[in-house]
Amino acid sequence: ISGPIAHPNLGEQLQPRSNTKYQEASIRVHYEHIPGQFDSGETYQLSSPIYEVTVQDQVFSSNALPSDLQLSPRTTPAMIGLGLLEAISEADILALEDPFDENEDGISGRANYVWDIVQQKTRLGRFGWKATQPSILQQVAGAFNGDMGLTSSLFPDDDTTSDQQNEFRDLPNGGHPEVSDIILERVAHYSRNLAVPARRDINEPLVNRGELLFTQINCSACHQPQMSANGETIHPYTDLLLHDMGPGLADHRADFLATGQEWRTPPLWGIGLVETVNGHTRFLHDGRARNLEEAILWHGGEASDAQRAYRGLSVDDRQAIIAFLNSL
């Protein structure tokens, strides 16, 4: 399985912004609120996004799309520590697989295998929300192409249809390709070497208690605290594997071996600095979670037991886990 077929008029990725007069679509988002309750009695609300895509005055709503049209909004993944994730051996990642849940813990992570453009063969996927890119170089080239509309030697064609190409023929461009191999490698080098920030408050009792609880409710089964990268011990809090996160987070979009309910475990290192760096506390693949607690509460599927265990904790214990996450 390679993924859905691109929209015949819009391509694979929507381009709602442009520095020319042409704009593929406009997008609006509003939210439905889903009530919930902790075992201790406190209530909460989760925000479920509904997207409206307007194309040439025709409005498509994500909760009432045609059966053959799929929409999967994505936020930008964190850039830190990518080189270390790339340095984890394939054997170490595959050792964490349990596709048939043979240990009967309810968790059955599995690898995605994707197409490597440079090596012209199928390889283990590591990067992206569904582990759809095998290398930092290809991840960077894909972002140039899909997010910015810039071609490179890896992606020499624009994400456009034949009709769009005729319409774009006279618009300015940056040449062919628009991103040279030198620039592509330099951006990949930067992405590969962007460091992970040091942890904070590691001696705080609340943080230490939160770390213990994080393990006790089995969040660490997928968010692996420790891995090895070229012989160096790192703490990415990911297994780089796909996990079924349940229908609540499903985008119904397959990507290579990933199903519409599967997502790669996102690394947690640096997550406590998201607000400082990005100026917001939005989490998950589409940013629906307004804070770390909501991100936990959205977990379903293989993470249902951990989510239920979190809901069963006292207020103080839940605050301890959030304090631990903010220390990463």
Side-chain angles (χ1 to χ4, degrees), residues 31 34 36-47 49 74-85 129 194-227 229 233-240 243 245 248-249 263-300 302-328:
Y31 295 89
I34 302 173
Q37 186 173 26
F38 296 105
D39 291 1
S40 52
E42 299 88 358
T43 60
Y44 60 82
Q45 278 192 339
L46 300 181
S47 296
R74 306 286 175 86
T75 60
T76 304
M79 294 284 291
I80 57 173
L82 297 185
L84 295 173
L85 298 180
W129 284 105
L194 195 60
V196 178
R199 281 193 60 189
R200 300 152 311 284
D201 303 323
I202 58 176
N203 295 318
E204 289 291 331
L206 187 65
V207 170
N208 293 330
R209 176 159 179 74
E211 184 172 10
L212 179 63
L213 289 165
F214 183 85
T215 300
Q216 286 180 349
I217 67 175
N218 212 26
C219 298
S220 57
C222 301
H223 292 285
Q224 289 282 323
Q226 184 171 304
M227 299 282 280
T233 299
I234 62 173
H235 303 277
Y237 293 89
T238 180
D239 57 9
L240 297 179
H243 294 276
M245 296 299 291
L249 290 177
W263 301 94
R264 184 204 68 162
T265 307
L268 297 183
W269 53 12
I271 200 168
L273 291 174
V274 166
E275 184 173 14
T276 300
V277 174
N278 295 337
H280 66 75
T281 57
R282 290 279 181 174
F283 298 102
L284 299 178
H285 67 278
D286 54 7
R288 69 177 64 191
R290 294 168 291 187
N291 52 54
L292 289 170
E293 182 161 82
E294 287 189 12
I296 296 170
L297 294 170
W298 268 110
H299 281 50
E302 296 175 39
S304 294
D305 287 346
Q307 188 253 39
R308 280 193 292 268
Y310 179 83
R311 283 193 288 112
L313 295 175
S314 67
V315 174
D316 290 343
D317 284 349
R318 296 199 305 270
Q319 289 176 346
I321 288 180
I322 300 303
F324 162 65
L325 294 174
N326 278 320
S327 77
L328 298 180

Can you tell me how far the SG atom of Cys219 sits from the CD atom of Gln224, to the nearest 0.5 Å?
-> 12.0 Å

Rounded to the nearest 0.5 Å, how far apart are CD of Glu294 and CD1 of Ile34?
-> 10.5 Å

Calculate, to the nearest 0.5 Å, the distance between atoms CG and CG belonging to Leu297 and Leu292 respectively.
-> 11.0 Å

Find out whether Val207 and Arg199 are in side-chain contact, i.e. whether some heavy atom of one side chain is under 4.5 Å from a heavy atom of the other.
-> yes

Non-hydrogen atoms of Pro197 and Ile80 that approach each other most closely = CD-CD1, 3.6 Å

According to the interplanar angle, ranging from 0 to 90°, do the rings of His299 and His223 count as parallel (below 30°), tilted (30 to 60°) or perpendicular (above 60°)?
-> tilted

Quick one: closest heavy-atom pair of Ala229 and Leu84, and the distance?
-> CB-O, 3.5 Å

Mind checking the CG-CZ spacing from Leu325 to Phe283? Nearest 0.5 Å is all I need.
-> 9.0 Å

Would the number of heavy atoms belonging to other residues, nucleotides or ligands and lying under 6.0 Å from CZ of Arg209 be above 12?
-> no

Rounded to the nearest 0.5 Å, what separation is found between the CZ atom of Arg311 and the CD1 atom of Ile296?
-> 12.5 Å

Flag side-chain contact, heavy atom, 4.5 Å: Glu211 against Pro225 = no

Kindly compute the distance separating CD (Gln45) from CZ (Arg290), expressed to the nearest 0.5 Å.
-> 7.0 Å

So which heavy atom on Trp129 is nearest to which on Pro77, and how close?
-> NE1-CG, 3.7 Å

Are the side chains of Ile217 and Ile321 in touch, meaning some heavy atoms are under 4.5 Å apart?
-> yes

Parallel, tilted or perpendicular: ring planes of Phe324 versus Tyr237, cut at 30 and 60 degrees | perpendicular

Shortest non-hydrogen contact between Ser47 and Tyr31, atoms and distance = CB-CD2, 3.7 Å

So, are Arg308 and Asp39 salt-bridged, with charged N and O less than 4.0 Å apart?
-> no

For the residue pair Ser327 and Asp201, confirm or rule out a side-chain donor-acceptor distance under 3.5 Å.
-> no

Check against side chain to side chain contact (heavy atoms under 4.5 Å, CB included), Arg282 and Thr75 = CA-CA 9 Å; Arg282 290 279 181 174; Thr75 60; over 6 Å; no

Which atom of Cys222 lies closest to which atom of Thr265, heavy atoms considered | O-CG2, 3.5 Å

Shortest non-hydrogen separation from Ser40 to Arg318 and the atoms involved = OG-NH1, 3.4 Å

Does Ile234 offer a backbone N or O that forms a donor-acceptor pair with the side chain of Trp269 under 3.5 Å?
-> no

Check whether any side-chain heavy atom of Leu85 lies under 4.5 Å from a side-chain heavy atom of Thr238, and answer yes or no.
-> yes

Among Met245, Glu293, Gln307, Arg288, the one residue meeting side chain to side chain contact (heavy atoms under 4.5 Å, CB included) with Trp298 = Arg288

